[in-house]
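Contents: one structure, followed by commentary.
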Amino acid sequence: MEIGIDSFASAMYGDNNTLSSVDAMEQLLQRIELADQVGLDVFGIGEHHKKEFLDSATVVILSAAAARTKNIRLASAVSVLSAADPVRVYQSFATLDLISKGRAEIVVGRGSSIEAYPLFGFNLNDYDALFKEKLELFLQIRDNEFVTWSGKFRPAINNLPIYPRTLQEKLPVWLGVGGTPESFVRAGTLGLPLMVAIIGGQTHRFRPLIDLYREAGKAAGFKPEELKVGIHSPGFVGSTTEKAIDEYYPGYAELWTKLGLERGWPPVTKAKFDGLIDDEGVLIVGSPERVVEKLLRHSESLGGFDRFTFQMDNAGLTHKQLMNAIELIGTKVIPLIKKG
């Protein structure tokens, strides 16, 4: 199991959220450097177009990180492909792949945050149609130097080359999904690795959807080892479980209650939080030993998964707390996972 971190480049931490955007960006790059140094497998950067996040230009951040790291894979988490030009997205990630010497990956999705659609002039009524068409074009570009293509939402391409090409033979393309069954089937039918965002409730409830993915992949002729599954969930690692909870809960409750106002979720209560950190709950919060215990349990309940990424920096945690968690993941969690 690969272990990594996904960040939305939050600009909302520090005393009274007074950290400047310049300092927040520098601290994010320092965290990616540390993640590389202590042996994490992957670091992902999201895409939002909101004041509280600095990740609107995902590939720029990843390229800066590429110049400061050696081994860690660098990915989006996710790229809102529906609201972008697949040609430019491929060119940007191909350039990142060259800068990083073959460490680039992309997780593509429709986006649970929808602010990109009106910003770039797209109609939300075309939410799924946009993604289906643009994913088709993106995969064609990835697999072919010369492209001939036509569709509804973009001018046609007539036997034109797309450059630069990636250093990797094929840029790894993961399909980021939430809870829509059709998205799981689409990923399986295309044989793409699956990245599932599980941010609430109990993790095991996603087993039927992941089974759908595997069944669709098998029906399309893909081997089980080709159908990789990744899980993205909120979490935090502290030296003890009590310390991790004490540091994580206040910011989690504040920020997720605020997010709930936008998405129609009820406010976070301590009782609800306690349910989310129990054995079957989605939050991976605790000591290294507790975190490993939950990860292995969740993997078993889902039929196994190949990658887990922590979402940590939207819970009001300080840079020091996040750095300490990254060090614990690298020095404690990953060695315990490898022991099984």
Side-chain angles (χ1 to χ4, degrees), residues 2 4-11 19-50 52-81 83-109 111 113 116 119-120 134 138-139 141-142 145 161-174 176 193 195 230 232 307 309-314 319 322-323 326 330:
E2 295 179 330
I5 290 174
D6 290 333
S7 171
F8 297 163
S10 173
L19 192 69
S20 73
S21 295
V22 170
D23 288 340
M25 187 65 74
E26 173 57 29
Q27 290 181 2
L28 171 60
L29 292 171
Q30 289 175 11
R31 294 197 294 276
I32 301 174
E33 279 189 275
L34 179 63
D36 181 50
Q37 292 165 5
V38 298
L40 273 69
D41 295 293
V42 61
F43 206 107
I45 299 293
E47 179 190 337
H48 298 81
H49 303 271
K50 298 180 177 181
E52 58 264 35
F53 301 115
L54 302 175
D55 60 350
S56 63
T58 307
V59 180
V60 178
I61 299 173
L62 293 173
S63 295
R68 297 166 67 154
T69 56
K70 295 181 179 179
N71 300 307
I72 197 166
R73 299 193 67 78
L74 300 165
S76 60
V78 304
S79 294
V80 186
L81 187 62
D85 181 353
V87 174
R88 292 299 285 156
V89 174
Y90 176 83
Q91 290 173 326
S92 295
F93 276 87
T95 303
L96 170 64
D97 201 51
L98 298 178
I99 294 169
S100 66
K101 298 180 175 63
R103 293 183 282 133
E105 299 188 6
I106 185 171
V107 182
V108 296
S113 295
L119 182 63
F120 296 110
K134 293 190 176 189
F138 187 82
L139 293 176
I141 294 168
R142 181 192 68 166
E145 184 175 338
I162 311 293
Y163 299 118
R165 307 305 297 176
T166 56
L167 175 62
Q168 297 175 87
E169 183 177 352
K170 275 193 176 184
L171 175 71
V173 179
W174 297 68
M195 180 56 69
H232 157 108
R307 175 178 289 183
T309 55
F310 289 86
Q311 167 55 31
M312 291 195 298
D313 70 356
N314 61 348
H319 178 57
L322 292 168
M323 292 285 275
I326 290 168

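- Here the closest non-hydrogen pair linking Thr58 and Gly46 is OG1-O, 2.7 Å.
- The shortest side-chain heavy-atom distance between Phe43 and Thr69 does not fall under the 4.5 Å cut-off.
- The backbone N or O of Glu47 lies less than 3.5 Å from a partner atom in the side chain of Asp55, making a donor-acceptor pair.
- Contact check for Asp36 versus Arg68: no side-chain heavy atoms found under the 4.5 Å cut-off.
- In this structure, CD on Gln311 lies 5.0 Å from NE2 on His232, to the nearest 0.5 angstrom.
- Nearest heavy-atom pair across Ser63 and Ile99 is OG-CD1, 3.9 Å.
- The CE atom of Met323 lies 6.0 Å from the CD atom of Gln30; values are rounded to the nearest 0.5 Å.
- Of the possible polar contacts, none joining the Glu33 side chain to the Ala65 backbone as a donor-acceptor pair under 3.5 Å is found.
- Between Arg142 and Tyr90, the shortest heavy-atom distance links the atoms CA-CE1, 3.7 Å.
- Contact detail for Leu29 and Ala64: the closest heavy-atom pair is CD2-CB, 4.0 Å.
- A distance of 13.0 Å separates CE of Met195 from CD1 of Ile106, quoted to the nearest 0.5 Å.
- No donor-acceptor pair under 3.5 Å is formed between the side chain of Arg307 and the backbone N or O of Asp41.
- Between Phe8 and Phe53, the ring planes lie perpendicular to each other; the angle is over 60°, past the 30° to 60° tilted range.
- Minimum interatomic distance between Lys134 and Ala83 (heavy atoms only, all atoms of both residues): NZ-C, 4.2 Å.
- A side-chain contact (heavy atoms from CB on, under 4.5 Å) with Arg165 is found for exactly one of Ile141, Leu98, Asp97, namely Ile141.
- A donor-acceptor pair is defined here as one N or O able to donate and one able to accept, closer than 3.5 Å; such a pair exists between the side chain of Ser7 and the backbone of Ala9.
- Distance CG/Asp85 to CZ/Phe138: 11.0 Å, rounded to 0.5 Å.
- The closest donor-acceptor contact from the side chain of Arg103 to the backbone of Ala75 lies at 3.5 Å or more, if one exists at all.
- Counted within 6.0 Å of CD on Glu145, heavy atoms from surrounding residues, nucleotides or ligands total more than 12; the atom is thus considered enclosed.
- Heavy atoms of other residues, nucleotides or ligands lying less than 6.0 angstrom from NZ of Lys101 number 12 at most.
- Atom-to-atom distance recorded for Gln27:CD and Leu19:CG is 5.0 Å, nearest 0.5 angstrom.
- Of the possible polar contacts, one joining the Ser76 side chain to the Val107 backbone as a donor-acceptor pair under 3.5 Å is found.
- The heavy-atom pair separating Arg73 from Ala104 by the smallest distance is NH2-O, 3.5 Å.
- Each of Asp6, Leu28, Ile5 was compared with Ile45 under the side-chain contact (heavy atoms from CB on, under 4.5 Å) criterion, and only Leu28 meets it.
- The distance from atom CD1 of Ile32 to atom CG of Leu40, rounded to the nearest 0.5 Å, is 11.5 Å.
- Ser10 and Asp313 share no donor-acceptor pair across their side chains, judged by distance under 3.5 Å alone.
- Here the side chains of Thr166 and Phe93 are not in contact, with every heavy-atom distance at 4.5 Å or above.
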